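Only one structure is covered here, and it is reproduced in the block below.
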2 protein chains.
Amino acid sequence: MLTRSIVLAVSAHALLASGPARADEGMWLPNALPAADLKAKHGFEATPALLERLQKSAVRFSTGGSGSIVSRDGLVMTNHHVGSDMLAKLSTPERDLLVTGFLAKDRGEELKCPDLELNALWSIEDVTDRVVAAAAAAKDTAAAGEARRREITRIEDESEKATGLKSQVVTLWQGGRHHLYRYRTWRDVRLVFAPETAIAFFGGDADNFEFPRYDLDCCFFRIYEDGKPLAPEHFLAWDADGAKDGELVFTWGHPGSTNRLYTADHVAFMRDVEEPMGLRRLWRNEVKLGTFSGRGAEEARIAREDLFGTQNGRKSSQGLLDALQDPALVGAKRAEEEALLKRLAGKPEAKEFEEGRRLVRESLAAWKRLAPDYMAFERRMRGGALAGIARTLVRMKAEDAKPSADRLPEFADANRASLEARLYSPAPIYPQLEIERMASMLSGLAEERGLDDPLVARLLAGKSPRTRATELVRGTKLADVAARRAPDPADPMIAFMASVDAEARAARQAWEDQVDAPQELGYGKIAAARFAAFGDSVYPDATFTLRMSYGTVKGWTSADGTEVPAFTTIGGTFARAKARAGDPAFELPASWIAAQPKLAADVPFNFASTNDIIGGNSGSPVVDADGEVVGLVFDGNLDSLAGDVVYDVTRNRAVSVDARAIIEAMRTVYGAQSLAAELAGAAR
Amino acid sequence: MLTRSIVLAVSAHALLASGPARADEGMWLPNALPAADLKAKHGFEATPALLERLQKSAVRFSTGGSGSIVSRDGLVMTNHHVGSDMLAKLSTPERDLLVTGFLAKDRGEELKCPDLELNALWSIEDVTDRVVAAAAAAKDTAAAGEARRREITRIEDESEKATGLKSQVVTLWQGGRHHLYRYRTWRDVRLVFAPETAIAFFGGDADNFEFPRYDLDCCFFRIYEDGKPLAPEHFLAWDADGAKDGELVFTWGHPGSTNRLYTADHVAFMRDVEEPMGLRRLWRNEVKLGTFSGRGAEEARIAREDLFGTQNGRKSSQGLLDALQDPALVGAKRAEEEALLKRLAGKPEAKEFEEGRRLVRESLAAWKRLAPDYMAFERRMRGGALAGIARTLVRMKAEDAKPSADRLPEFADANRASLEARLYSPAPIYPQLEIERMASMLSGLAEERGLDDPLVARLLAGKSPRTRATELVRGTKLADVAARRAPDPADPMIAFMASVDAEARAARQAWEDQVDAPQELGYGKIAAARFAAFGDSVYPDATFTLRMSYGTVKGWTSADGTEVPAFTTIGGTFARAKARAGDPAFELPASWIAAQPKLAADVPFNFASTNDIIGGNSGSPVVDADGEVVGLVFDGNLDSLAGDVVYDVTRNRAVSVDARAIIEAMRTVYGAQSLAAELAGAAR
């Protein structure tokens, strides 16, 4: 499933994406759509009004994922697996919304989410010149990186102060451009409807990233402003007729991260170092969370989101690594770079490209050298909600003493409101799970560095990882929001995180100076070379910002020659459940079994399309040429898992819930007539 | 569960085992029982006849595990999880014995196992002097190791030729002594009775290594000789009254491996290097096998044994690592060494001990340096049944050209019959699972060494791991036993294994010379120092050879103060199933649900005792002072998982099936009246 930080990825035999985009490839910037291509290939032209509506109806979920406003009363559609984080936080041992699903009978019953923030992109401004100029006088690569980061914070703070809008500078083409994005922000978001996980994630890990598929992976929220449902300036209409096989469709969503512009060296490094390292951590976490969950029903409930996220990440990373481990993939990348150099022969950009590759190689050597400390102390140390809160409190105190531009960016003024919303969230915290996470983090440190490593010894304080974790979690007061608002330096979790903060900051600084800075500089040069060779036809890699993709509803021919049709049907769901009887992942919920006689078996359920999407696109609306909703992206097929580095139109498919299935299920299974009517009423 | 190669392990606060054994600690050699201790502590004396009966009734399973002959008609009792390997091999998609269980209505229905070998220890001879003398003239440590290995092969070959008995030289105290063991061997072994996995492994991974416990983890085979049931010279009688709380009981079985005599440096190395490395591999395999199993019912069936073995190994290794990661454990080890040195002060053995520790440190440095190649090419390369067969065939051809003593030991004359029984086994081979195993092995190599490593590149031959694995598995003829008897060097799997054999042999030679040889020499010196300090009271670490443990039936007080009683009951099983309803691991089989009204709820089901056991002891009989069967060892509690390095009588417990529960289930659940009668009839 396509939540953010989960990478998706195409066969090594595909043409690579680092040249100009081909076929239906590309995650296009809203201010740089491939208008000429769309007209030439698909005869499609959009009015500015339609494009504005599509842009401003799209929302980004702070928890990682996409969504869209789909009614004049602020209804927001996303995936169940994007909303599941909130479903878990709104659940109790007695009322497990992930198992039962949820339907608010009226607006008074809609459930306020503890810490969800939705953002809609309101404007874009190119600030590249300002960012580049700030670093012009820097004495070296690291200083230039530092200067750019400070300037970005200044730009964000100024913009936020001037407009009141959340402001973020987005670095595109890995350093080729810097754009200032301003967002409308909503923090009063309430749960309206969610089906049971059993149908939202029917087939579980076995069918995840597979197709044919039969999942009602949808979830509806409503935005409130001043205690009343939002009356949005823009929203998407519903197309009751859905999409046809071969129809042109678009997604507007927030793909999290791709690495298609990486050099061949960098892709080989991902293959041999980064991805294996990431998978080792995922395998470890999956087994540990699985055994924790096996201890009892309540343990399973409180660990479910962690476990699902880990399994989802593992399946997509494994798919990507499988693709990378085909020797042809990096071979094709290398050939493509040679072709680019040939094209640029004699131009100064060829030299710049070579210099860019050298800088990237330099950054990779630093990556390998610095990763153990950086991953352990800066990234993974936040192993648990309480540990993360403690780190934020420790740093907030130190950072607040500085001017905004001098702070770590997450503590700058422009980010303060979002930070506090997360930090002071009333979402439940489970000590048992926190102990498990802390113990896992501490034992992981001992596994990597040895128990006698001075820092490990200091953190364990002479105890075993589990004993130490128990003492910290039982001893801290941070589960109470009031204790976060007036943090006590003697709180054991705060003292623990403070004791390693110097090492963590040093590891982060080294990483920014020796990995991020040369990469940004190097890829800036490489981007310049690509622009020189291909002009605007090179879309930037995904950055968890709004992108448009276009494609056609279409099945494919699998490697073994099987024809995979574009659509599945509601009736097919029952056949699949029967074929896999006995496997708990394929048990339909009672509501569906009861409704089977009334459900129209031939209603399309899920469909495949050639849209180029990736993790983070989960919950993106699929719209037709009129901008009306025909589906809801929730997954990619197995062949799409190479999409992190390459796109292959012959096999890469986005997978969506059909808009007709959503209405059919609301009406026939869930008795959600008014919600279905609200969606239909939005038709213009 | 206590199958071999699965380590068990005691709290770091326990007294360590490397000094003289205390309380009920010890895995005692049959020819060096702690007679004085038994008399002094428990007032127990055994007759030579009783000891001979116990020794010769105990059998070792070639698949890893223990058992005992329990009727005058050659009936053998072991655990379900020891027999499960055969149950899987005797199953088909249509008849899954692990799900259904099995009961032969009469002897004609008993199912012949494809490749099971049982061994009973018939005699022991000390050959230390001969082995030591053979190495006296060696020029260095490596040459001495080589000379010892050759002499051992000569001794085994001579003994086998002279007696017709399977002959193995066992190295005890990690190098302190060498004993020649001669075994009676049986290869016509037939399945008689097995319950369903659902009750044999009730509670699954969640309850594994836990107590209270409710498992009918038993399985019965029968030995045949010349086509007729064996009339054994010795067998164990059944005690219909079972054991009482506080009663003295013994186990006679084959603990696989312990490391209690390891130096503190070595234990720290296990903690920081060996165990984390092993766990990383187990986590990876568990997730990969789990996702393979999730693809369908048949995939789950064919991968079940691999998955169970991996989960069992992971749970026990994790328990051991958790114990090791208490800083107090290695601290206690270090203190104990200093105490030993103090005791030996002024004696030459003190210097020998220091030299032994130095040699061990040297071996550990070599371990770290050599492990990547050794593990990859010599150990893990046999990733799959077909790959293992191909390696055996490649080496057999080369080794058979040499005199027996010059061969790799597994190809020596004395081991030939066992080797051929395994190599030419008609057990089914599943291409789908073989592809999975080979692909996992190849991708693992690429993860560790990088895809461009020359050897990885050579093995992949320009293809992705899965493509290459598919080509090898689909291309080989080795699934057919006839093709193994006349191996074709052009067979793709044989050619593949031949292409890496030189590297694998070199890695093994380096390991034997630089890790094994200095360790054996070093631990020889350390053992001599321990003998000097403590005399015979130091039992040797486990070596998957016959050992006696004594203990008392006894509950314990857990860390949080809970009193855990020694016995569970059959009635408790139904209560536990109800408490964990909804978790598939706690679903009772239909046979038990149907039999519940007739089952005597108060019959003891499982019990805990202080016997000192470890992985490999699975299936060991528990006998009372008269040598009559009162139970069947199948597990240790969670606190026992440190037993690999320490034993703590306050918390370490063996867990056994009560003999009364076996009879009650046979009679009331399974209608196995004649089998129950056969067991009862064996009473003298």
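Everything quoted here is computed from the prediction, not taken from an experiment. Protein chains get the first letters and strands the later ones, always in sequence-line order, with residue 1 at the start of each. What you see below is based on every heavy atom in this structure, not just the backbone, and it leaves out hydrogens, waters and symmetry mates.
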- prompt: Quick one: CG on A:D272 to CG on B:D452, what's the gap to the nearest 0.5 Å?
  reply: 6.0 Å
field: Close side-chain approach of B:T467 to A:D326, heavy-atom, < 4.5 Å
entry: no
- line: Greatest number of non-hydrogen atom pairs under 4.5 angstrom with chain B, of A:G296, A:S293, A:P327, falls to A:P327
query: Is it the side chain or the backbone of A:R314 that comes within 4.5 Å of chain B heavy atoms, both, or neither?
result: side chain
query: Is the backbone of B:R295 close enough, under 3.5 Å, to the side chain of A:R580 for a donor and an acceptor to pair up by distance?
result: yes
Spatial distance of atom OG (B:S464) from atom CG (A:L321) [nearest 0.5 Å]: 11.0 Å
task: Name the region of A:Q318, side chain, backbone, both or neither, that has any atom closer than 4.5 Å to a heavy atom of chain B.
output: side chain
field: Approximate separation, where rounding is to 0.5 Å, of B:Q325 CD and A:E447 CD
entry: 5.5 Å
task: Please state whether the side chain, the backbone, both or neither of A:K288 comes within less than 4.5 Å of a heavy atom of chain B.
output: side chain
- prompt: If you measure from CZ on B:R271 to CG on A:L451, what distance do you get to the nearest 0.5 Å?
  reply: 4.0 Å
- request: Flag the one option from A:E286, A:R280, A:M277, A:R284 with the top tally of heavy-atom pairs under 4.5 Å to chain B.
  value: A:R284
Residue among A:G450, A:A206, A:G203 with most heavy-atom pairs under 4.5 Å to chain B: A:G450
field: Candidates A:N285, A:L279, A:V287, A:L282 - the one meeting side chain to side chain contact (heavy atoms under 4.5 Å, CB included) with B:W283
entry: A:V287
query: What option among B:T291, B:V273, B:D205 has the most heavy-atom pairs under 4.5 Å with chain A?
result: B:T291
